Amino acid sequence: MSSRLCRACSDWHDLSQPWPRACAGHFKRSTEARSSLPRPMVISDYVDCNSPVSGERFTSKAELRRHYRANGVVEVGNETIKPRDNDEDDIKIAPIEREVAQAIESLS
Ligand SMILES: [Zn+2]
């Protein structure tokens, strides 16, 4: 039996059992490196790369994106992933049931 010390209740929990809901706080991310004081998050404009379009060197994300727009380049990577259009509702059950019944019939 392996167990793990819970950071929420300071008790040991058996890992072969589901983790207690009351102790979900155990998995909460808490690092001492991060202050609890609220502050603005700053994302730097700095980048150091060459344009795949012209090979020109850029040190500003804003300049690079302006360059992309001017050249009709679409930057990808942060778009929201849409659910696939293969809902279970699209699959008709009746034909599957009929084929399974025929297969069972052919065996007996
Ligand atoms: Zn616990």
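Since the model is a prediction, treat every value here as computed from it, not as a measurement. We count ligands from 1, going down the list as the structure has it; atoms in each ligand are counted the same way. Values below: all heavy atoms of this structure, side chains included; hydrogens, waters and symmetry mates excluded.
Among residues at least two apart or in separate chains, there is no salt bridge (Lys or Arg N to Asp or Glu O under 4.0 Å) pair with a member in residues 9-21. For residues 41-60, the salt bridge (Lys or Arg N to Asp or Glu O under 4.0 Å) pairs, not counting sequence neighbours, are Asp48-Arg57. Residue pairs satisfying the salt bridge (Lys or Arg N to Asp or Glu O under 4.0 Å) criterion with at least one member in residues 63-76, sequence neighbours excluded, are listed as follows: Glu63-Arg66, Arg65-Glu75.
The two residues Phe58 and Leu64 come nearest to each other via the heavy atoms CD1-CD1, 3.5 Å. When all heavy atoms of His67 and Ser51 are compared, the pair lying nearest together is NE2-OG, 2.7 Å.
Around the Zn ion (ligand 1), protein N, O or S atoms at a distance under 2.8 Å total 4; waters are neither shown nor counted.
In this structure, Arg4 and His26 have side chains that are in contact, with non-hydrogen atoms separated by less than 4.5 Å.
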